[in-house]
Amino acid sequence: MIEMENVSKWYGNFQVLTDCTTQVAKGDVVVVCGPSGSGKSTLIKTVNGLEPFQKGRITVDGTVVGAPETNMSKLRSRIGMVFQNFELFPHLSIRQNLTLGQVKVLGRSEEEAAERGLKYLDRVGLLAHKDKFPGQLSGGQQQRVAIARALSMDPMAMLFDEPTSALDPEMINEVLDVMVGLAQEGMTMMVVTHEMGFARKVANRVIFMDKGAIIEDCTKDEFFGSARSERAQDFLAKIL
Ligand code: ATP
Ligand code: MG
(Lines give C-alpha, C1' and ligand atoms only; values in the text may rest on other atoms or scores of the structure.)
(Ligands and ions follow the chains in the order given, each with its own letter.)
Protein backbone atom coordinates (compact mmCIF):
# COMPACT_ATOMS: atom_id res chain seq x y z
CA MET A 1 0.00 0.00 0.00
CA ILE A 2 2.71 2.49 1.06
CA GLU A 3 6.24 1.89 -0.18
CA MET A 4 9.05 4.16 0.86
CA GLU A 5 12.49 3.71 -0.67
CA ASN A 6 15.60 5.55 0.49
CA VAL A 7 13.78 8.76 1.24
CA SER A 8 16.09 11.62 2.21
CA LYS A 9 15.24 15.21 2.92
CA TRP A 10 17.29 18.27 3.78
CA TYR A 11 16.46 21.70 5.16
CA GLY A 12 19.37 23.62 3.71
CA ASN A 13 22.43 21.77 5.00
CA PHE A 14 20.52 19.97 7.72
CA GLN A 15 19.52 16.43 6.81
CA VAL A 16 16.17 15.71 8.44
CA LEU A 17 15.56 12.27 6.84
CA THR A 18 18.29 9.83 5.88
CA ASP A 19 17.59 6.91 3.54
CA CYS A 20 14.26 5.95 5.08
CA THR A 21 12.95 2.70 3.65
CA THR A 22 9.83 0.88 4.78
CA GLN A 23 6.64 -0.72 3.51
CA VAL A 24 3.18 -0.57 4.94
CA ALA A 25 0.87 -3.30 3.70
CA LYS A 26 -2.89 -3.03 3.51
CA GLY A 27 -4.30 -3.41 7.01
CA ASP A 28 -0.98 -2.78 8.74
CA VAL A 29 -0.92 -0.64 11.85
CA VAL A 30 2.56 0.85 12.11
CA VAL A 31 3.52 2.85 15.17
CA VAL A 32 6.32 5.38 14.62
CA CYS A 33 8.19 6.48 17.72
CA GLY A 34 11.48 8.06 18.67
CA PRO A 35 12.94 11.09 20.40
CA SER A 36 11.75 14.63 19.76
CA GLY A 37 13.28 15.99 16.56
CA SER A 38 14.04 12.55 15.14
CA GLY A 39 11.93 13.21 12.03
CA LYS A 40 8.71 11.31 12.80
CA SER A 41 6.34 14.08 11.70
CA THR A 42 8.42 14.81 8.65
CA LEU A 43 8.44 11.12 7.69
CA ILE A 44 4.69 10.62 7.80
CA LYS A 45 4.03 13.93 6.06
CA THR A 46 6.15 12.83 3.11
CA VAL A 47 3.60 10.06 2.49
CA ASN A 48 0.82 12.43 1.50
CA GLY A 49 3.10 15.04 -0.02
CA LEU A 50 2.74 17.57 2.80
CA GLU A 51 6.55 17.50 3.05
CA PRO A 52 8.48 17.34 -0.21
CA PHE A 53 11.71 15.34 -0.22
CA GLN A 54 14.79 15.54 -2.41
CA LYS A 55 15.82 11.91 -2.78
CA GLY A 56 14.12 8.52 -2.88
CA ARG A 57 10.68 7.39 -3.88
CA ILE A 58 7.31 6.87 -2.24
CA THR A 59 4.33 5.14 -3.80
CA VAL A 60 0.86 4.88 -2.33
CA ASP A 61 -1.25 2.17 -3.92
CA GLY A 62 1.06 2.36 -6.93
CA THR A 63 0.83 6.14 -7.34
CA VAL A 64 4.20 7.94 -7.14
CA VAL A 65 4.09 10.74 -4.56
CA GLY A 66 5.24 14.07 -5.98
CA ALA A 67 5.64 12.85 -9.57
CA PRO A 68 4.66 15.43 -12.21
CA GLU A 69 1.93 13.14 -13.53
CA THR A 70 0.43 12.52 -10.08
CA ASN A 71 -2.63 14.50 -9.06
CA MET A 72 -1.51 15.23 -5.51
CA SER A 73 -4.73 16.81 -4.30
CA LYS A 74 -6.59 13.70 -5.40
CA LEU A 75 -4.05 11.42 -3.72
CA ARG A 76 -4.07 13.53 -0.56
CA SER A 77 -7.86 13.34 -0.39
CA ARG A 78 -7.54 9.54 -0.14
CA ILE A 79 -5.09 9.63 2.77
CA GLY A 80 -6.62 10.78 6.03
CA MET A 81 -4.42 12.81 8.33
CA VAL A 82 -5.06 13.61 11.97
CA PHE A 83 -2.73 16.05 13.72
CA GLN A 84 -1.93 16.87 17.31
CA ASN A 85 -4.02 20.03 17.34
CA PHE A 86 -7.31 18.87 15.81
CA GLU A 87 -7.30 21.54 13.07
CA LEU A 88 -11.06 21.76 12.74
CA PHE A 89 -12.43 24.89 11.09
CA PRO A 90 -13.44 26.98 14.13
CA HIS A 91 -16.05 29.08 12.30
CA LEU A 92 -17.92 26.05 10.93
CA SER A 93 -20.32 23.78 12.77
CA ILE A 94 -19.34 20.18 13.38
CA ARG A 95 -21.69 19.11 10.58
CA GLN A 96 -20.11 21.62 8.18
CA ASN A 97 -16.63 20.50 9.20
CA LEU A 98 -17.63 16.98 8.24
CA THR A 99 -19.15 17.86 4.86
CA LEU A 100 -16.89 20.59 3.47
CA GLY A 101 -14.09 18.39 2.11
CA GLN A 102 -16.47 15.80 0.77
CA VAL A 103 -18.37 18.46 -1.21
CA LYS A 104 -15.39 20.56 -2.33
CA VAL A 105 -12.84 17.84 -2.99
CA LEU A 106 -14.88 14.74 -3.78
CA GLY A 107 -17.80 16.56 -5.42
CA ARG A 108 -20.44 14.88 -3.29
CA SER A 109 -23.84 16.48 -2.83
CA GLU A 110 -24.57 18.16 0.51
CA GLU A 111 -27.08 15.41 1.32
CA GLU A 112 -24.69 12.57 0.62
CA ALA A 113 -21.86 14.33 2.47
CA ALA A 114 -24.08 14.95 5.50
CA GLU A 115 -25.28 11.36 5.54
CA ARG A 116 -21.73 10.01 5.53
CA GLY A 117 -20.35 12.63 7.88
CA LEU A 118 -23.08 12.04 10.44
CA LYS A 119 -22.66 8.28 10.16
CA TYR A 120 -19.02 8.63 11.23
CA LEU A 121 -19.89 11.25 13.83
CA ASP A 122 -22.27 8.70 15.32
CA ARG A 123 -19.53 6.12 15.22
CA VAL A 124 -17.24 8.27 17.32
CA GLY A 125 -20.14 8.83 19.72
CA LEU A 126 -20.78 12.51 19.00
CA LEU A 127 -23.89 12.68 16.87
CA ALA A 128 -25.68 14.79 19.46
CA HIS A 129 -23.05 17.52 18.96
CA LYS A 130 -23.55 17.97 15.22
CA ASP A 131 -24.79 21.56 15.40
CA LYS A 132 -22.17 22.80 17.83
CA PHE A 133 -18.96 24.62 16.93
CA PRO A 134 -15.50 23.18 17.63
CA GLY A 135 -14.88 25.64 20.48
CA GLN A 136 -17.86 24.16 22.32
CA LEU A 137 -16.30 20.69 22.42
CA SER A 138 -13.52 19.28 24.60
CA GLY A 139 -10.16 18.50 23.07
CA GLY A 140 -10.90 14.78 23.02
CA GLN A 141 -14.24 15.38 21.35
CA GLN A 142 -12.66 17.66 18.75
CA GLN A 143 -10.08 15.03 17.98
CA ARG A 144 -12.82 12.41 17.50
CA VAL A 145 -14.56 14.82 15.10
CA ALA A 146 -11.26 15.20 13.23
CA ILE A 147 -11.08 11.41 12.89
CA ALA A 148 -14.73 11.23 11.74
CA ARG A 149 -14.01 13.96 9.19
CA ALA A 150 -11.03 12.05 7.81
CA LEU A 151 -13.05 8.82 7.63
CA SER A 152 -15.86 10.59 5.74
CA MET A 153 -13.43 10.96 2.83
CA ASP A 154 -13.16 7.15 2.45
CA PRO A 155 -9.39 7.11 2.99
CA MET A 156 -7.33 4.15 1.85
CA ALA A 157 -4.94 4.84 4.74
CA MET A 158 -4.81 7.07 7.80
CA LEU A 159 -1.82 9.00 9.14
CA PHE A 160 -1.83 10.17 12.74
CA ASP A 161 0.72 12.60 14.19
CA GLU A 162 0.65 12.43 18.00
CA PRO A 163 -3.16 12.59 18.06
CA THR A 164 -3.39 12.41 21.84
CA SER A 165 -0.39 14.41 22.99
CA ALA A 166 -2.28 17.72 23.28
CA LEU A 167 -5.08 16.13 25.32
CA ASP A 168 -5.75 16.12 29.02
CA PRO A 169 -5.07 12.64 30.41
CA GLU A 170 -8.71 11.77 30.94
CA MET A 171 -9.46 12.37 27.25
CA ILE A 172 -6.66 10.30 25.81
CA ASN A 173 -8.47 7.00 26.06
CA GLU A 174 -11.62 8.13 24.30
CA VAL A 175 -9.49 8.99 21.26
CA LEU A 176 -7.32 5.88 21.52
CA ASP A 177 -10.47 3.72 21.73
CA VAL A 178 -11.65 5.09 18.38
CA MET A 179 -8.21 4.40 16.89
CA VAL A 180 -8.14 0.87 18.31
CA GLY A 181 -11.53 0.24 16.71
CA LEU A 182 -10.26 1.45 13.35
CA ALA A 183 -7.17 -0.72 13.61
CA GLN A 184 -9.24 -3.78 14.47
CA GLU A 185 -11.45 -3.15 11.44
CA GLY A 186 -8.41 -3.36 9.20
CA MET A 187 -7.69 0.29 8.45
CA THR A 188 -4.14 0.84 7.20
CA MET A 189 -2.56 3.23 9.67
CA MET A 190 0.74 4.96 10.37
CA VAL A 191 0.62 6.40 13.86
CA VAL A 192 3.24 8.64 15.42
CA THR A 193 2.64 8.16 19.12
CA HIS A 194 4.32 7.53 22.41
CA GLU A 195 1.29 5.64 23.66
CA MET A 196 2.97 2.28 23.99
CA GLY A 197 -0.26 0.76 25.33
CA PHE A 198 -1.80 1.46 21.94
CA ALA A 199 1.26 -0.02 20.23
CA ARG A 200 1.09 -3.17 22.33
CA LYS A 201 -2.60 -3.60 21.70
CA VAL A 202 -2.96 -3.08 17.95
CA ALA A 203 0.32 -2.34 16.19
CA ASN A 204 1.73 -5.05 14.02
CA ARG A 205 4.93 -3.11 13.45
CA VAL A 206 6.95 -0.50 15.23
CA ILE A 207 9.33 1.91 13.54
CA PHE A 208 11.86 3.59 15.81
CA MET A 209 13.54 6.71 14.47
CA ASP A 210 16.61 8.54 15.65
CA LYS A 211 18.29 11.53 14.01
CA GLY A 212 16.27 11.23 10.81
CA ALA A 213 16.93 7.53 10.25
CA ILE A 214 14.81 4.44 10.76
CA ILE A 215 16.82 2.57 13.38
CA GLU A 216 14.34 -0.23 13.94
CA ASP A 217 11.49 -1.51 11.82
CA CYS A 218 10.24 -4.68 13.40
CA THR A 219 7.24 -6.50 14.78
CA LYS A 220 5.71 -5.30 18.00
CA ASP A 221 6.95 -8.38 19.81
CA GLU A 222 10.49 -7.83 18.60
CA PHE A 223 10.34 -4.18 19.58
CA PHE A 224 9.12 -4.80 23.10
CA GLY A 225 11.34 -7.86 23.40
CA SER A 226 15.02 -7.91 24.03
CA ALA A 227 16.39 -7.68 20.51
CA ARG A 228 16.07 -3.94 20.15
CA SER A 229 18.89 -1.45 19.83
CA GLU A 230 20.42 0.36 22.75
CA ARG A 231 18.96 3.63 21.54
CA ALA A 232 15.46 2.18 21.47
CA GLN A 233 16.00 0.70 24.92
CA ASP A 234 17.07 4.11 26.28
CA PHE A 235 14.03 5.68 24.69
CA LEU A 236 11.63 3.13 26.12
CA ALA A 237 13.20 3.38 29.54
CA LYS A 238 12.43 7.11 29.51
CA ILE A 239 8.82 6.89 28.41
CA LEU A 240 7.54 3.71 30.03
P1 ATP B 1 8.58 15.80 17.84
O2 ATP B 1 8.56 14.52 18.62
O3 ATP B 1 9.11 16.94 18.67
O4 ATP B 1 7.28 16.12 17.17
P5 ATP B 1 9.63 14.84 15.29
O6 ATP B 1 10.31 13.53 15.46
O7 ATP B 1 8.25 14.85 14.76
O8 ATP B 1 9.70 15.62 16.69
P9 ATP B 1 10.21 16.60 13.10
O10 ATP B 1 9.16 17.59 13.42
O11 ATP B 1 9.96 15.72 11.94
O12 ATP B 1 10.58 15.73 14.37
O13 ATP B 1 11.53 17.43 12.90
C14 ATP B 1 12.77 16.79 12.59
C15 ATP B 1 13.88 17.80 12.58
O16 ATP B 1 13.70 18.73 11.51
C17 ATP B 1 13.98 18.64 13.84
O18 ATP B 1 15.32 18.78 14.17
C19 ATP B 1 13.39 19.97 13.44
O20 ATP B 1 13.96 21.01 14.17
C21 ATP B 1 13.74 20.05 11.98
N22 ATP B 1 12.76 20.83 11.21
C23 ATP B 1 11.44 20.61 11.13
N24 ATP B 1 10.82 21.49 10.32
C25 ATP B 1 11.82 22.32 9.88
C26 ATP B 1 11.85 23.46 9.00
N27 ATP B 1 10.75 23.91 8.41
N28 ATP B 1 13.04 24.03 8.77
C29 ATP B 1 14.17 23.57 9.35
N30 ATP B 1 14.21 22.50 10.18
C31 ATP B 1 13.06 21.90 10.44
MG1 MG C 1 6.47 15.56 15.51
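Bear in mind the structure is a predicted one, so any value in this text is a computation, not a measurement. Residue numbers run from 1 in the order of the sequence given. Only heavy atoms go into these numbers, but all of them, side chains included; no hydrogens, no water, no symmetry mates. Read the numbers this way: they start at 1 and go in the same order the structure lists the ligands and their atoms.
Between Asp61 and Lys26 no salt bridge is recorded (no basic side-chain N to carboxylate O distance below 4.0 Å).
Nearest to atom 7 (O) of ligand 1 among the protein's heavy atoms is Ser41 OG, 2.8 Å. For atom 2 (O) of ligand 1, the closest heavy atom belonging to the protein is Lys40 NZ, 2.7 Å. What sits closest to atom 4 (O) of ligand 1 on the protein, heavy atoms only, is Glu162 OE2, 3.5 Å. Among protein heavy atoms, atom 8 (O) of ligand 1 sits closest to Gly37 N, 2.8 Å. Atom 3 (O) of ligand 1 has Ser36 OG, 2.6 Å as its closest protein atom, hydrogens excluded (heavy atom only). Closest to atom 23 (C) of ligand 1 among all protein heavy atoms lies Tyr11 CE1, 3.6 Å. Considering only non-hydrogen protein atoms, atom 12 (O) of ligand 1 sits nearest to Gly39 N, 3.3 Å.
For atom 17 (C) of ligand 1, a protein non-hydrogen atom is found at a distance below 4.0 Å. Distance check for atom 20 (O) of ligand 1: every protein heavy atom is found at 4.0 Å or beyond.
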Task: Steps toward side chain to side chain contact (heavy atoms under 4.5 Å, CB included) verdict (Lys40, His194) - done: CA-CA 11 Å; Lys40 306 178 297 292; His194 292 161; 3.9 Å; yes

Open item on the list: One pair to check against side chain to side chain contact (heavy atoms under 4.5 Å, CB included): Phe160 and Thr193. What are the steps and the verdict?
Closed with: CA-CA 8 Å; Phe160 292 86; Thr193 186; over 6 Å; no

- [ ] Evaluate side chain to side chain contact (heavy atoms under 4.5 Å, CB included) for Met153 paired with Gln102, printing each intermediate quantity in order.
- [x] CA-CA 6 Å; Met153 302 290 284; Gln102 297 186 68; 3.9 Å; yes

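At a threshold of 2.8 Å, the Mg ion (ligand 2) has a backbone or side-chain N, O or S atom of Ser41 nearer than that distance.
Shown are Asp161, Ile79, Val32; of these, the side chain to side chain contact (heavy atoms under 4.5 Å, CB included) with Met190 is made only by Val32.
Close approach to Thr42 involves these atoms of ligand 1, each under 4.0 Å from a residue heavy atom: 9 (P), 11 (O), 13 (O). Within ligand 1, the atoms closer than 4.0 Å to a non-hydrogen atom of Phe14 are 15 (C), 16 (O), 18 (O), 21 (C), numbered from 1 in the order shown.
Asn6 and Ser8 form no side-chain donor-acceptor contact under 3.5 Å, judged by distance and modelled atom types alone. For the 3.5 Å distance criterion, the side chains of Gln84 and Ser165 qualify, holding a donor opposite an acceptor. In the model, Arg78 has no side-chain atom that pairs as donor or acceptor with a side-chain atom of Thr63 under 3.5 Å.
At least one heavy atom of Pro35 sits less than 4.0 Å from an atom of ligand 1.
Here the CG-CD distance, from Leu167 to Glu174, works out to 7.5 Å after rounding to the nearest 0.5 Å.
For ligand 1, the polar-atom distance check finds an N/O of Ser38 within less than 3.5 Å of one of the ligand's N/O atoms.
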